[in-house]
Amino acid sequence: MSSQSDNSFLLSSMFDDVRTTPLTRLLLWNTSFDFSEWRISLALRTAVRGNRYIHIKLIPRRSATSPFALFANVTTSSTGPRYTEVAFNVSSTLFTVNSRYVNPLLELGFASGVTMNDVLGVMQANMPFYECASDVNGSALRWNCLLVETLESNDLFVETNLAFSDTVRPNVMWCNRQSSSQGKPQIPWPLPQGTIHHNRPSQYM
């Protein structure tokens with residue numbers, strides 16, 4: 001696995017025993033009270049020091065020169081590149097909030113023997129740096145969908161030839177109906193496209 005210096009991954013909790021334990025499933029989900037909050041949970045086959053799950057979340061890379069609120073439910077007037085980082089955290093719970101607030105969007109099973117090292121290797125090769133297209137709701141979801149699509153194209157899941165957009169779109173439309181009833185901005189479809197950078201942008205220096 002390449003060092004953190006040539007990607008945007010925050011890996012302080014990804015110890016060797018976590019990276020080498022087989023994964024069983026991936027769950028893409030959001031919270032019912034904030035449809036801009038998207039996360040991925042990975043389940044470990046066996047617990048590592050009491051932890052059974054890995055949470056993955058796209059977060060904004062903040063700086064004094066280009067501040068932005070990536071997950072805000074309102075459109076901001078911030079300018080400049082919207083670079084991001086990827087946070088990885090181990091946990092004893094599947095979700096980071098009470099399960100009654102969770103809306104699962106997609107669940108997939110990993111192929112036998114796939115580990116976190118495999119996931120990180122695919123991410124390193126295909127999407128080491130990511131720049132969001134905008135601050136609007138849906139920017140973070142697009143990155144999560146891109147990650148799932150990239151893992152699928154590298155044969156990490158049991159399922160193959162996923163009709164991914166056919167699965168995600170109905171759930172996004174459901175989120176939009178809920179957002180509309182609460183007077184919140186909706187998620188645009190198609191999802192706003194960001195930009196993958198394979199070399200470290202100067203703003204990360």
Side-chain angles (χ1 to χ4, degrees), residues 1 7-59 71 84-128 130 138 140-175 187 191:
M1 177 64 198
N7 58 55
S8 57
F9 310 155
L10 305 177
L11 299 169
S12 59
S13 65
M14 293 292 97
F15 297 108
D16 287 344
D17 51 0
V18 175
R19 294 189 188 201
T20 57
T21 298
L23 300 166
T24 59
R25 60 185 175 126
L26 174 150
L27 185 68
L28 172 59
W29 58 278
N30 66 19
T31 60
S32 62
F33 53 84
D34 184 352
F35 290 106
S36 63
E37 185 75 17
W38 299 92
R39 299 189 184 185
I40 284 177
S41 296
L42 308 181
L44 297 167
R45 180 175 297 170
T46 56
V48 178
R49 295 185 302 281
N51 296 304
R52 292 293 301 266
Y53 304 99
I54 300 169
H55 296 147
I56 304 176
K57 180 182 178 183
L58 188 72
I59 61 175
F71 302 114
T84 61
E85 293 176 316
V86 186
F88 298 83
N89 294 289
V90 294
S91 176
S92 60
T93 60
L94 177 58
F95 304 115
T96 56
V97 297
N98 189 299
S99 59
R100 67 189 177 121
Y101 297 123
V102 168
N103 288 307
L105 189 68
L106 182 72
E107 183 171 357
L108 296 168
F110 281 103
S112 178
V114 169
T115 68
M116 194 63 199
N117 271 339
D118 297 314
V119 172
L120 290 171
V122 168
M123 293 178 67
Q124 172 67 48
N126 294 277
M127 47 194 304
Y130 188 77
L141 174 57
R142 177 58 195 144
W143 178 87
N144 281 273
C145 291
L146 179 63
L147 174 55
V148 174
E149 291 169 333
T150 302
L151 297 178
E152 190 273 334
S153 67
N154 282 270
D155 300 321
L156 267 61
F157 297 122
V158 173
E159 298 89 343
T160 58
N161 299 319
L162 299 173
F164 191 73
S165 61
D166 293 340
T167 302
V168 172
R169 189 176 185 276
N171 288 313
V172 168
M173 296 303 103
W174 181 88
C175 291
I187 300 169
L191 297 170

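The figures here come from the full heavy-atom set of this structure, side chains too, leaving out hydrogens, waters and symmetry mates.
For the atom pair Ile56 CD1 and Asn144 CG, the distance stands at 8.5 Å (nearest 0.5 Å). In this structure, Asp118 CG and Asp155 CG are separated by 11.5 Å, a value rounded to the nearest 0.5 Å. In this structure, the separation between CD on Glu107 and CG on Leu28 is 11.0 Å, given to the nearest 0.5 Å. Taking CG from Asn89 and CD1 from Ile54, the interatomic distance works out to 10.0 Å, rounded to the nearest 0.5 Å. Put simply, CG on Asn51 and OG1 on Thr46 are 11.5 Å apart, with the number rounded to the nearest 0.5 Å. For the atom pair CG (Leu147) and CG (Leu26), the distance works out to 7.0 Å, reported to the nearest 0.5 Å.
With a 4.5 Å cut-off on side-chain heavy atoms, Thr96 and Lys57 do not count as touching. Put simply, the side chain of Ile187 does not reach to within 4.5 Å of the side chain of Met173, judged on heavy atoms. At a threshold of 4.5 Å between non-hydrogen side-chain atoms, the residues Tyr53 and Leu27 do not count as touching. Counting heavy atoms from C-beta outward, Arg142 and Tyr130 have side chains that approach closer than 4.5 Å. At least one side-chain heavy atom of Leu108 sits under 4.5 Å from a side-chain heavy atom of Val148. Side-chain contact between Asn7 and Leu120: absent, with no pair of heavy atoms (C-beta onward) separated by less than 4.5 Å. The closest side-chain heavy-atom distance from Phe15 to Arg49 is below 4.5 Å.
The two atoms that bring Gly50 and Ser92 nearest to each other are O-CB, 3.5 Å, heavy atoms only. Minimum interatomic distance between Leu23 and Met116 (heavy atoms only, all atoms of both residues): CD1-N, 3.8 Å. In plain terms, the two heavy atoms of Leu191 and Gly138 that are nearest each other are CD2-O, 4.2 Å. The minimum heavy-atom distance linking Trp38 with Cys175 is given by the pair CH2-SG, 4.1 Å. What you find for Arg45 and Arg52 is that their closest heavy atoms are O-NH2, 3.2 Å. In this structure, Met127 and Thr150 approach most closely via the heavy-atom pair SD-OG1, 3.9 Å.
Side-chain N or O atoms of Asn171 include one that pairs as donor or acceptor with a backbone N or O of Leu105 at under 3.5 Å. Here the side chain of Ser41 pairs a donor or acceptor atom with the backbone of Leu94 at under 3.5 angstrom. Judged by distance alone, with hydrogens and angles left aside, the side-chain atoms of Ser13 form a donor-acceptor pair with the main-chain N or O of Phe88 at under 3.5 Å. Looking at Thr115, its side chain does come within 3.5 Å of a backbone N or O of Arg19 through a donor-acceptor pair. A donor-acceptor pair is defined here as one N or O able to donate and one able to accept, closer than 3.5 Å; no such pair exists between the side chain of His55 and the backbone of Leu42. Side-chain atoms of Arg25 do not come within 3.5 Å of backbone N or O of Phe110 as any donor-acceptor pair. The backbone N or O of Leu156 lies less than 3.5 Å from no partner atom in the side chain of Asn154, so there is not a single donor-acceptor pair. For Thr84 (side chain) and Leu58 (main-chain N/O), no donor-acceptor pair under 3.5 Å exists by modelled atom type.
No more than 12 heavy atoms of other residues, nucleotides or ligands sit less than 6.0 Å from atom CG of Asp16.
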